[in-house]
Amino acid sequence: MFRAARGQTLASSSTHSTSAAAGSGRKVEHVAIIMDGNGRWATNRGWPRLVGHRKGAERVKEIVRCAPDLGIKWLTVYAFSTENWKRSTEEVLGLMAIFARYIEREADRLAAESVRMRFIGDRSRLDPKLQKLMAGIEARTAVYNRLNFTIAINYGGRDEIVRATRDIARAVAEGLLSPDQISDALISQHLDTADLPDPDLVIRTSGETRTSNFLPWQTAYAEYEFTETLWPDFTPEELGRIVSRFGARERRFGGVVGA
Ligand code: IPE
Ligand code: IPE
Ligand code: MG
């Protein structure tokens, strides 16, 4: 009795969607994807890496289209990390051009499909033209919510936490906040994902089983799925299979289910 009651308290006091998803027969609301393997997909065929990135962008369109039918309300994809600047100038510029083209070409369709588009990551290092496109599509789709689609560009989990910590420290230094007011919820509110629930499920393609600095704070209680499939080969069918497996998982959030 005591343990069951405590378990419930633990679940109901946790922040974001993790509490809403506790219990059995759950649905996945927020899926986050580390879209990896574009380079290998192209190299395996003897093609330049950018061909793989272009194919990867086509896959993003398909996954966005099928997500609402799978019950997904929030979809967040990792497109470019704070570490990806280490790649060749050609690859980095090629990726930036793909992002710009994606926004320009998909804006009408996203609006027609009632998809709200957001971006997370540090935009200040991006080309001002790209920043303008990002802000434009965010504003244009802000009225929709059939699917909340977020792309992480120049995103790094540690970088995000550093930026949030600086903001909070500034507020403390200015006397607007006392150190005792710093809480789990307050930190969440200072992250790029302030408007997003925590991911329920993180999928990484390409067989790598690491998280590569993707949403470290937000995924504290996320479930993970790793697939060997390279991102350009990832299909709505495979996403459907992964989502249905998620329904059978028991999420405890530190409590005891069925006690
Ligand atoms: C993921 O594919 C896309 C980005 C990181 C931009 P990769 O480009 O990392 O592909 P692999 O891992 O080299 O195959
Ligand atoms: C993670 O993939 C970043 C994105 C998918 C955007 P990487 O290919 O950059 O990750 P590592 O280098 O294999 O960890
Ligand atoms: Mg990779």
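Remember, it's 1-based here, ligands and their atoms both numbered in the order they're listed. Just so you know, these numbers come straight off a predicted model, no measurement behind them. By convention here, the first residue in the shown sequence is residue 1.
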Of the side chain and backbone of Ala79, name the one, both, or neither that has a heavy atom under 4.0 Å from an atom of ligand 1.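 Just the backbone.
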Region of Asn84 engaging ligand 1 - heavy atom pairs below 4.0 Å: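 Only the side chain of Asn84 comes within reach of ligand 1.
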Does any N/O atom on Ser81 come nearer than 3.5 Å to any N/O atom on ligand 2?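 No, Ser81 has no N/O under 3.5 Å of an N/O on ligand 2.
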Hey, does Tyr78 come in under 3.5 Å of ligand 2, counting only N/O atoms on both sides?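 Checking ligand 2 against Tyr78, no N or O pair falls under 3.5 Å apart.
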Heavy-atom pairs closer than 4.0 Å: do any link ligand 2 to the side chain of Phe214, the backbone, both, or neither?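 It is neither part, as no heavy atom is under 4.0 Å.
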Heavy-atom distances under 4.0 Å decide this one: backbone, side chain, both or neither, for Arg87 against ligand 2?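 For Arg87, the contact with ligand 2 is made by the side chain alone.
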Atoms of the protein (N/O/S only) found under 2.8 Å from the Mg ion (ligand 3):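 As for protein N, O or S atoms lying under 2.8 Å from the Mg ion (ligand 3), they are Asp36 OD1.
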With Glu225, which of Arg249, Arg241, Arg204 fulfils salt bridge (Lys or Arg N to Asp or Glu O under 4.0 Å)?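 Answer to the salt bridge (Lys or Arg N to Asp or Glu O under 4.0 Å) test with Glu225 among Arg249, Arg241, Arg204: Arg249.
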Is the Lys NZ or Arg CZ of Arg125 less than 6.0 Å from the centre of Trp85's six-membered ring, within 45° of the axis?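 Geometry flag: set, cation within 6.0 Å and 45°.
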Does Gly37 come within less than 4.0 angstrom of ligand 1, counting non-hydrogen atoms of the residue?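 It does; at least one heavy atom falls under 4.0 Å.
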Kindly indicate whether atom 12 (O) of ligand 2 is approached by any protein heavy atom to under 4.0 angstrom.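 Not a single protein heavy atom is under 4.0 Å away.
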Kindly confirm or rule out an N or O of Gly39 lying under 3.5 angstrom from an N or O of ligand 1.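 The answer is yes, given that Gly39 and ligand 1 share an N or O pair closer than 3.5 Å.
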Say whether Arg49, considering both its backbone and side-chain N or O atoms, lies within less than 3.5 Å of an N or O atom on ligand 1.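 Min N/O separation from ligand 1 is below 3.5 Å for Arg49.
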Does a donor on one side chain and an acceptor on the other come within less than 3.5 Å for Thr150 and Trp74?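 No donor-acceptor contact under 3.5 Å links the two side chains.
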Modelled atom types, side-chain donor and acceptor of Thr229 and Glu238, under 3.5 Å: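 Judged by distance alone, the side chains do pair up.
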Looking only at protein heavy atoms, identify the closest one to atom 5 (C) of ligand 2 and say how far it is in Å.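 Going by distance alone, atom 5 (C) of ligand 2 is nearest to Met35 O, 3.4 Å.
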Among all the protein's non-hydrogen atoms, which is closest to atom 14 (O) of ligand 2, and how far away is it?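 Ranked first by proximity to atom 14 (O) of ligand 2 is Ser212 OG, 2.6 Å.
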Which atoms of ligand 1 have any heavy atom of Arg40 under 4.0 Å away?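 What qualifies from ligand 1 is 11 (P), 12 (O), 14 (O).
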Regarding atom 2 (O) of ligand 2: of the candidates Arg204, Glu208, Glu83, which has the closest heavy atom?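 Heavy atom nearest to atom 2 (O) of ligand 2 belongs to Arg204.
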